[in-house]
2 protein chains.
Amino acid sequence: MENGKTQVELAKRGVITPQMEDVASCEGIKPEVIRTRVAEGSLVIMTRGEVSVAIGKGATTKVNVNIGTSSAKIDPEEELEKARVAEKYKADTLTDLSMGGDIPSIRRSIYQHTTLPITTVPIYQSVAQQGIYSMTEDHLLNNIEQQVDEGVSSVVLHCIERECIEKLKGNPRIMGMVSKGGSFTSIYMLTNECGNPFIDNFDYIMETLKKNDVVLSLGNTMRSGCIHDPPDSPQRQEMHTNMKLAKQANDAGVQVIVEGMGGHVQASEVAGYVRQHKDAGDFPLFVAGPLPTDVAVGYDHIAGAVGASMAAGAGADYLCYITPSEHLRLPNVDDVKEGLVAFRIAAHIGDSIKFGARHQDMELARYRAIMDWDGQMQHAIEPEKASRMCPKRGPCTMCGDFCALEIMHDFLNGDNGTNGTSNTNDINGNNSNKMSVHARQT
Amino acid sequence: MENGKTQVELAKRGVITPQMEDVASCEGIKPEVIRTRVAEGSLVIMTRGEVSVAIGKGATTKVNVNIGTSSAKIDPEEELEKARVAEKYKADTLTDLSMGGDIPSIRRSIYQHTTLPITTVPIYQSVAQQGIYSMTEDHLLNNIEQQVDEGVSSVVLHCIERECIEKLKGNPRIMGMVSKGGSFTSIYMLTNECGNPFIDNFDYIMETLKKNDVVLSLGNTMRSGCIHDPPDSPQRQEMHTNMKLAKQANDAGVQVIVEGMGGHVQASEVAGYVRQHKDAGDFPLFVAGPLPTDVAVGYDHIAGAVGASMAAGAGADYLCYITPSEHLRLPNVDDVKEGLVAFRIAAHIGDSIKFGARHQDMELARYRAIMDWDGQMQHAIEPEKASRMCPKRGPCTMCGDFCALEIMHDFLNGDNGTNGTSNTNDINGNNSNKMSVHARQT
């Protein structure tokens, strides 16, 4: 890899980098195809050390886990535990959203204890440290630079235009603006009566990100906060602004992800929104959720998994998880695990729509057909919980003596009870004999 | 209501029954429309005492909860508790699948402690009491009659044809046959070298069901047991047999539900399957799940909620819940609650696709916009868990001092800080003041 050049720059020159080789092998895509997609911007490689994660066209759907303190709950040890749990249960990336306590120190500690690519929203630190009404452009730019130097893999910038914020005034939305980073950026612009600091300094920021080949994630300020707030003119304007900036970033040699359509979207609209985004620009699409209902409070990871399955199936590339505590409190460690597993299920279902039914499902079913519990657990998306619940051998306690698989086995497999290891007249028979019969079924 | 006449018979004569009035009011559909649909069979009214539940065309999607002992786990008290939890968390119907212990006594006890319509699969009791290889046609018919006399609201019969079972032999399915009732019925037919006992005695059974206006549920023996077992000729044959029998039942004056497409179905196929069923016959469609992936073991309620949202959105009328313990063990009380809530979310999302976004979501969002937690909980699908997790007032601990709603409130609502109850320069200010400002937002 040529010194000081980014993945996009090298891709455009025809160079296949080690990171492209890595993700090519992992995704089962030819390295040359990966290179082309990195060059055109339809796929990004988020990296940290030896870890490379492909997000975008042709890659499996990835899942991001948000962690981080808030001003109301500062427990760095718990955040570390969340980070560990996120890695253990196979998040693809982590985002540290800390706004409480010694933020740089918490971030360093997360770096020390994790290996996954880490995203930040630099304005969070500016607001927490310098104050939402007193932070300056220099604070914002310095924070980006500091976090790039630290080794962040991606930064989120909310590139909302002044005009777009003004449009929201008097807009009939129920929920107004629900993006935290978007609200910080908006208040900065309103307080200082200025344009968007990230757009105004876009070229400078691109040079900063290029120093460490950091992925730019274009934030989604205008997303809906409830399913009754329909897509409106501010949302569309932000989408087009983001697509224009994404093109500029790609031209500048910076990898870029576009956040869009997250939040709350009616189920019937999810696929259409994803297509709208993809039609507006073929960049990796990052969605938070979306939640197709507002009433699943306490169970938003489930509602989110429904929306995310639909979004991923329609072409979203990268999902931000939602936990059971969304809208209620900072998630605890269990919430992180529950949210992550729900979203890995959603990504998997989405991939079955994108790419066809997955081999992993077939493998699990083959073991299920012969009641091989260990084999099933090897292919389960999260085997720990299931392992605690399943029997060691034979049918589960739901079926007991009356398992359809056992009952129908001999007939369907042409064994009429003449084989000594099985007896159709004795479905309460010895399971180990049954198992040896079933084993021939695969 | 004329003595001894069923809902279908009365509907066909133009009579609007008290049950039709009840569900008309509950569903917001004109009584005359309900009557027409009951007459043509596109909607059924499952009743028990004063409770009437509409399932089918134009009605909201309903959720069924399965309970019951197995031969491996017999704890009647726990089953009762599951029934209570199912009622508490708003199941629409209950199905007692008990196969262990004193089945009639367990069923009586469930009747005593519940008010919801109850479905049974009479062959379960025949198999448990008379034995799968020794039960006779008389046993089967007597069990149906006994359960009808007891006051069951609906019975499931697996009307699979002999030829259809034979087709499954040597069929390349990974999972063979996974329907328990279907496997019992199949073994009865194979053991006795006879036709399907329910089809052979269909007219007699219709007369039995009419005695108490019991809804016939046509079971789904041939459903797929994994997403890699695609729809095949036995599945299609069963669907057409069921539709033919549904027409016969309706002609005989019996309300009828068709079970179909449950089990395991690739996400991309779910909507198409539902349309196929609806094209084959406009009867209420009952689906179990479907599960769009096999790898979510331990989390099948989440995968099931994804599949069920899609199925309901495409037109399925009635969902059988799936619990986290599906494929692993008999569900415990917590599993029942988790599965039920997940499926109520799915039914709600499905209804938002069928009928447009629901008013309940808007109500919740309006309270969320003003951080009125009590108001949100009133509209939450299951408020208990969320109530334990939410703050009493003000922003949640995820946002703490930095809540986008608070930060943007004054700008978006045209208040520039001149109002004494709010101050844009103090976002750490008194929440009760904030609340009074926000209250004006609705």
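Below, chains carry the letters A, B, ... as their sequence lines are ordered, and counting in each starts from 1. Everything quoted here is computed from the prediction, not taken from an experiment.
Closest approach of His327(A) to Cys396(B), counting heavy atoms only: O-CB, 4.2 Å. The heavy-atom pair separating Leu405(B) from Met175(A) by the smallest distance is CD2-O, 3.2 Å. Of all the heavy atoms in Thr397(B) and Leu330(A), the pair that sits closest is OG1-N, 2.8 Å. Nearest approach of Ser179(A) to Ala404(B), heavy atoms of both residues: O-CB, 3.5 Å. In terms of heavy atoms, Leu328(B) sits closest to Pro391(A) at O-CD, 3.3 Å. Considering every non-hydrogen atom in both Ala380(A) and Val297(B), the closest pair reads CB-CG2, 3.9 Å.
Of the two parts of His348(B), only the side chain, counted from C-beta on, holds a non-hydrogen atom closer than 4.5 Å to a non-hydrogen atom of chain A. When heavy atoms are compared at a cutoff of 4.5 Å, His264(B) approaches chain A solely by way of its side chain, counted from C-beta outward. Neither the backbone nor the side chain of Pro383(A) has a heavy atom closer than 4.5 Å to any heavy atom of chain B. Both the backbone and the side chain of Leu168(A) come within less than 4.5 Å of a heavy atom in chain B.
Contact count versus chain A (heavy atoms, under 4.5 Å) is highest, among Gly298(B), Ser183(B), Ser186(B), Gly400(B), for Ser183(B). The candidate with the highest count of non-hydrogen atom pairs below 4.5 Å against chain B, out of Glu382(A), Arg368(A), Met177(A), Glu166(A), is Arg368(A). The most heavy-atom pairs under 4.5 Å with chain B, out of Ser70(A), Gly100(A), Gly68(A), come from Ser70(A). Contact count against chain B (heavy-atom pairs under 4.5 Å) is highest for Gln360(A) among His379(A), Gln360(A), His301(A). Taking chain A as the reference chain and counting heavy-atom pairs below 4.5 Å, the highest number among Asp300(B), Ile353(B), Thr69(B), Asn171(B) is found for Ile353(B). When Ala128(A), Ala308(A), Ala267(A) are compared by the number of non-hydrogen pairs under 4.5 Å with chain B, Ala267(A) comes out ahead. If you tally non-hydrogen atom pairs under 4.5 Å between each of Arg358(B), Glu269(B), Gln376(B) and chain A, the highest count goes to Arg358(B). Residue with the most contacts toward chain B among Val178(A), Asn332(A), Ile165(A), Ile349(A): Ile349(A) (heavy-atom pairs, distance under 4.5 Å). Highest contact tally toward chain A, considering only Gly225(B), Pro324(B), Gly182(B), is held by Pro324(B) [criterion: heavy-atom pairs under 4.5 Å]. Comparing Ala386(B), Ala365(B), Ala357(B) by how many heavy-atom pairs each has under 4.5 Å with chain A, the most go to Ala357(B). Ranked by heavy-atom pairs under 4.5 Å with chain A, the first of Ala72(B), Ala346(B), Cys226(B), Gly181(B) is Ala72(B).
Residues Met389(B) and Asp335(A) meet the side-chain proximity criterion, which asks for heavy atoms closer than 4.5 Å. You'll find the side chain of Lys180(A) reaches within 4.5 Å of the side chain of Cys399(B), heavy atoms only.
To the nearest 0.5 Å, the span separating CE on Met362(A) from CG on Asp229(B) amounts to 10.0 Å. Separating the CE atom in Met398(A) from the CE atom in Met99(B) is a distance of 13.0 Å, to the nearest 0.5 Å. Here Ile302(A) contributes atom CD1 and Ile302(B) contributes atom CD1; the two are 5.0 Å apart, rounded to the nearest 0.5 Å. Here NZ of Lys169(B) is found 9.5 Å from CE of Met408(A). Values are rounded to the nearest 0.5 Å. One distance of note links CG of Asp294(B) with CD1 of Ile381(A); it measures 11.5 Å at 0.5 Å rounding. In this structure, CG on Asp361(A) lies 3.5 Å from OG1 on Thr293(B), to the nearest 0.5 angstrom.
Geometric assessment of Lys385(A) against the ring of Tyr299(B) yields a positive cation-pi assignment under the 6.0 Å and 45° thresholds.
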* **Steps toward side-chain contact (heavy atoms from CB on, under 4.5 Å) verdict (Phe184(B), Phe402(A))** => CA-CA 9 Å; Phe184(B) 298 159; Phe402(A) 304 107; 3.6 Å; yes
